[in-house]
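Notes follow once the structure below has been shown.
Counting from 1, the numbers follow the sequence of the chain as shown. Just so you know, ligand 1 is whichever comes first in the structure, and atom 1 is the first atom listed for that ligand.
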Amino acid sequence: MLDAGNLTRTASGRKARPKTLCLRYEGLPRYHSSANPRSTAFKTFDRSAAIIVGSQGARFLVHKELFARQSPFFAAALNGAFAEGVSQAVHLPDVEAKTFEHVVLWMYTGRLERDPFFYKDGKPTYFTLLDIYALADQLCVEGLRNAVVDKIAALAETTNSVPTPTDTFILYEAMRHNAPVRRLILDVFAFKKTDNIVATHPDDWHPTFLRDLVCKLKRPGWAALRRHELRAWRPLSWQGTKACEICKAVLKPGASGSQCAGCNRAFCAGCVGKGMGSCSLDWAVAERECKPWLRGMCEYHEHEETEKCPPEAE
Ligand SMILES: [Zn+2]
Ligand SMILES: [Zn+2]
Ligand SMILES: [Zn+2]
């Protein structure tokens, strides 16, 4: 049975965060890092910086190069003509220290906490991951954002669960509107059988989340097409042919069509060309196979500052 993630979270986590902290959109030169920014950052490791976090002023003394290299935000704050460049201290009063710790872990090790950290009472704590994503967005740490969407997809799959209504408030109030993590979570709700949980959960879902989900589901043909990994395909003989999944017409030998690399279903060129207007979203199929996030996570990544995923990892 489909489950919702863990609900327990502090009320403060739900507050909207300032979205203007990230300097990426304000004419900053695009930042390039090497494939493994940590390996080179250690060569020039002679300066530290203090990052003062949260209302209590928790102080993190970090290696300046390591942070500047992996985050255009810290590069600007620590190297630029900012007042903060002089004192080598960055103040982040609106950031929670317990979330910032995950950024520090990522900067030094390139990994997230181990899986058990993201569970409570046997359920995934999606809110923790969404908080980390939102902060990684503010601080322009792209690699961390990509690692978080990977983790969310893996948890949703291994535990057959989806984020809670409260989580959708983080998703729609603490994130920029085009953050790929929104797309992932909408896909998870669209391609898992979530009608019951959406209908019966006692808490309210974020209204914009519901609107986006309705829009996605109102285009069932489009959603059904996207679910499959279509490759050009031509049946060689009558024995080897198949009927089109949508119009049920048998593909003639030699006729050009498409086949899904995941489920091997066939689609005629006509139906694919029409954009699957007549195709319906089949929950039974969606539950078992052909979920976009199983095919490859890179469509939910961003690679402006990090190296693209190699094809074999997709
Ligand atoms: Zn398929
Ligand atoms: Zn067809
Ligand atoms: Zn990628």
Donor-acceptor contact below 3.5 Å, side chain Thr168 vs main chain Trp205
no
For the residue pair His228 and Phe267, does the interplanar ring angle fall in the parallel (under 30°), tilted (30 to 60°) or perpendicular (over 60°) class?
tilted
Starting at CD of Glu142, measure out to CD of Glu307 and round the result to the nearest 0.5 Å.
10.5 Å
Test of understanding: clusters of I, L, V, M, F, W, Y form through side-chain heavy atoms closer than 4.5 Å, transitively. Do Tyr108 and Phe74 belong to the same one?
yes
Near the Zn ion (ligand 2) (protein N/O/S, cut-off 2.8 Å, waters excluded) we have Cys244 SG, Cys247 SG, Cys268 SG, Cys271 SG
For the Zn ion (ligand 1), what is the closest N, O or S atom on His228?
ND1
As an exercise, state the distance from OH of Tyr172 to CZ of Arg211, rounded to the nearest 0.5 Å.
8.0 Å
Check: Thr128/Asp131 side-chain N/O donor and acceptor closer than 3.5 Å
no
Can you tell me if CG on Leu236 sees more than 12 non-hydrogen neighbours from other groups inside 6.0 Å?
no
For the Zn ion (ligand 3), angle spanned by His303 NE2 and His301 ND1 (nearest 10°) is 110°
